[in-house]
Each structure stands twice: as structure tokens, then as C-alpha cells.
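Report on one structure; see the data block that follows.
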2 protein chains.
Amino acid sequence: MSIPLGDRRVQRHAPIREQVAAILRDAIVNMELRPGQVLVERELCEMTSASRPSVREALRQLESEGLVESRNGRGTVVAAPTREQAEHLYEVRAELEGMAAELFAERADEQQRAELRAAFGSVEESALRDGRAMLAAKDRLYRVLIAGAGNPILSEMLGGLQRRVTQLRALTLTSPGRPTESLLEIRAIMAAIEDRDPAAARAAAIVHVEQAARTALTFADAASPLLPH
Amino acid sequence: MSIPLGDRRVQRHAPIREQVAAILRDAIVNMELRPGQVLVERELCEMTSASRPSVREALRQLESEGLVESRNGRGTVVAAPTREQAEHLYEVRAELEGMAAELFAERADEQQRAELRAAFGSVEESALRDGRAMLAAKDRLYRVLIAGAGNPILSEMLGGLQRRVTQLRALTLTSPGRPTESLLEIRAIMAAIEDRDPAAARAAAIVHVEQAARTALTFADAASPLLPH
DNA sequence: TGAACCCAATCTGTCTGACAATGTTATAGC
DNA sequence: GCTATAACATTGTCAGACAGATTGGGTTCA
């Protein structure tokens, strides 16, 4: 006469090091921790109420993700890509997002297409309203698109790249007229996907990323780190 | 009257955690540590004469690189990609290596082209002789090609992908006739680069990776982990 | 004999505390 | 005001410890 347990399973608490990594990742992506900022281990311990070993393991993880840099012997800082690095990031991202769009057009099933349409609806709706809302909606659109490509390795790599340019993406919004342009470019991707035209989807996605890159990089100075303080 | 010091600078010894990571990376890529093998921390400590915290930091790094997997609570094992994952790895690798070849054809200077020709010479020379030598020569060729693309982000990602399929690459050699085929495909890439035809270089590189994938995956069973013991 | 159960050994995940080496800052002297 | 030295802070690394989880073996019971 036991009550069915259903999904009561206590979701085995993630290791502390991963919780710490998640917290710091969030803080970096949201710019609570600024590029170039020094990460003092003791402060991170207090901030996360974890011990130094756990914090250090989390930092190693973020280091491989390219979100922080370890200056041998002088501690760890939040990564601050130079303009050149930013160009390289966008170049690879364009390639991989083109690939994702192509694969989606090729492989996605009807449910995934419906989800994509829904996500696009949110983007359109939020576009003229609120910049920050549009950014969140675009993030969701990307997630759906990338998931629909059906390649987890690709997803992982694109996720990493996107986090690394998030700092720059925020800038994009401040450019006048950019939201509407951006919307048009995304509409082109959507149209190609509806037409089941993989090549066109790829091309449209590449154009979109290249435009975003151009806008973001306009704000950046050539030699010095972006957003130095 | 001081003797010029030149490049005597003692290259600040890399942190122990990185030395450990390098040792383990090597061991995994060379199959001294087999896919699926459990990595017992105490043994790694003895093997590297480092302490447990250092070993653990190194493991976190390798985890983000996809070379090991941490089974929550049950320790860390050498990653053993399933056939499906291997397909995804090759799919992304084809895309990025196509990109690298295209960029090389577009951007490489004369010195880099000369280096590439030299590396290709080694490959040709070793092709009919010794499988293992050919693999090393091909690695050098790839390194030159990828470096000549002039995008460090791309280099890093391709490097990571290549390490993750190294286990499978060894299989490729055992396929009869594969070395000669492989050589022809690479020759096509070289020709396109000499012609300064980026699109053709991309296409040839993609064909090459797709063929290699086909050969490697022939050896693998569908559901189960590759190379399970 | 075979299956379920329990216990011990092992190993991970995590913490505390410690230390030398290296930077950084502040102070004192010129 | 500038340089040199001293005091402090922080990292990189280690040793030791402990609870909890997992595993394998042995034992009991059918």
C-alpha cells in the first residue's frame, strides 16, 4: 500500500566544485565579475561558502572553458579577450552556427520546428520592447536551434563560444537600429529552415553572426583588452 | 663585460597541476591509459609524485577537455566515446578542418606554404613505409595546416577534437589500403591550396575527414562504448 | 545450491591547517 | 620626490583527516 514515488528521486546533489563553477560562470556571464578582475580565492570561498580546494577545482574548469586565465603565480583573472581574440571567436562561431542551422534544416523533426517557431515568436515580440528581454529570447532560440542540430559535441562547443562572447553581446544591443537588423537576419534563417533549404540556412546564419560581430567589434579598440575595467 | 644572457631565462616551471595534466593527457592519447579504465587518485599521485589536490585539479582540466569522465561519487574514468559520440566528433571535426583548409588557402604566407609542402613530403615518404611514422607525419601536417589558418581559437578546438579521436585514428591504419587512399585525399587538399582555391581546399579536407571517419567507425559496434577494454 | 542481505574495505568528495615562494604594499631613508 | 627595504597578502602545494558511497565478499536463509 505504498504511495507511488514517481519522480521524487532526490536529484543527487551536484558536487560542490560544480556548483561553485556554475555560480562563477553565471557571475562572469552576467558581468558581476568584470573582465580583467582578479579572483581572490579566499573571497570566492566566502562568496560560495566552499573550501579552497573546491574553489580551485572550479577555477581549473573555468580555465579550460576560456572564461578565466591563470597568470602563473599571480592568481586568476576573468578573461578579457583582445579585439583580435574576439574576431577569432566570432569567426569560429559563425562557422559552427552555420553548421547548426544547416543541420537543423536537414534533420529537425516537426516538434523541434514548432519549438523553434515559438522561440522566434518570443524574439519578435520582445524585439521592439526591451533589449534585455530580446537577448534572453534569442538565447532560447539559439538553444532550440542548436539542440535540433542533433550533435551534442557541436552544442557543447557553441555553448562555450557563446559564453565567451557574452560580454560583447551586451554591447551589441546598445547600437541603435541593431535589434531590427538582427531580427531581419534571424527571419532569413527561419525562412530557409521552413523551406528546408540547408545551404540557405547556413548562409543566413553566417551572415547573422558576421553582422553581430561587426557591430560588437565596432565598440572595441584594436590592441588593448576589451572592457579593461 | 657581461656575457650576453640570450634566452637563458629559466622558463618558470609550469605549475605541477599542468605537468600532471600533460602526463595524463599523453598517457591517454598513447593508450597507456585505456578508454573506460578507472583512474584511482592515489595511483595517479604515485605515478606523478604529486599530491592529491594537484592530481584532482589536473583531472578537472582533462574533464573539460572531454578526455576523462567523472562519474559522480564513483571516481573518474578515461572517456570511452560511444559510436554515436564518435560520429558527432568526426562531424564537427570535418567542419572545422574544412574551415582550416579554406583559411590556409586564403591566408597562409609563403613560409607557411613551404612548411606545409615539407610536412607533406614527410607524409608521402612515410606512407608506404611505416604506419606509425605516417601517423606522426600526418600530425605534423595538421599542425602546420591549422597554424597557417591564423585562428588560435580554431587551433585549440581542433586540437581538442583530434585528441578525442586519437584512440580511433589508430584503428584507421589497420585497414588495408587506407594509407594510400588517405594519401590521395591529402594530395587533393595540397593541390587546392597550391591553386589558392579556398573552396576546393575546404571540400577536399571535408572529404578526407569523412573518409577517415567511415574507416574508423567501421570497426566500432553501434551501441556499446568503443574499445571497451 | 542459489539468492538475498549485511559488513568490511576502499575510494571519493570535501575540509582544515600549514608552509614556502612570490608578489605587493607601505614605510623609511636618501 | 624617489629608491630601498621590510611587512603583509596571496598563491601553489602538501599532509592528514573524515563522512558517505560503492564494491566485493562472506554469511545466512530458503
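We use all heavy atoms of the structure for the numbers below, so side chains are in, but hydrogens, waters and symmetry mates are not.
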| said: Rounded to whole Å, please give me the gap between CD1 in A/I16 and P in D/dC18. | reply: 19 Å

| said: Using the salt bridge (charged side-chain N to carboxylate O under 4.0 Å, His left out) criterion, which residues pair with A/E106? Sequence neighbours excluded. | reply: none

| task | Return the residues of residues 49-64 of chain A meeting this criterion: a heavy atom under 4.0 Å from some atom of DNA chain D. Order them by number, or give none. | result | A/R52, A/R56

| Considering only D/dT13, C/dT12, D/dT10, which nucleotide approaches the side chain of A/R42 most closely? | D/dT10

| note | Whole-Å distance, B/N72 CG to D/dT22 P, equals 8 Å

| message | Looking at B/Y142, I'd like to know if the NZ or CZ of B/R93 sits under 6.0 Å from its six-membered ring centre while staying within 45 degrees of the ring's axis. | response | yes

| Just how far, in rounded Å, is C1' of C/dT14 from CD of B/E41? | 11 Å

| Salt-bridge present (A/R202, A/E97; N to O < 4.0 Å) | no

| message | Rounding to an integer number of Å, can you tell me how far B/E18 CD sits from D/dT11 P? | response | 16 Å

| query | Rounded to whole angstrom units, what separation is found between the CD atom of A/Q19 and the P atom of C/dC15? | reply | 10 Å

| query | Are any of B/R74's side-chain N or O atoms less than 4.0 Å away from OP1 or OP2 of C/dT12? | reply | no

| task | Starting at atom CG of B/L44, determine the distance to atom P of C/dG13, rounded to an integer number of angstrom. | result | 12 Å

| Can we say B/E91 and A/R107 salt-bridge, meaning some charged N sits less than 4.0 Å from an Asp/Glu carboxylate O? | yes

| Can you name the residues that form a side chain to side chain donor-acceptor pair (under 3.5 Å) with B/E115, not counting sequence neighbours? | none

| Does a sphere of radius 6.0 Å around CD in A/E32 hold more than 12 heavy atoms from other residues, nucleotides or ligands, not counting ones at 6.0 Å or beyond? | yes

| field | Nearest-angstrom distance from the residue atom CZ of A/R71 to P of D/dT11 | value | 9 Å

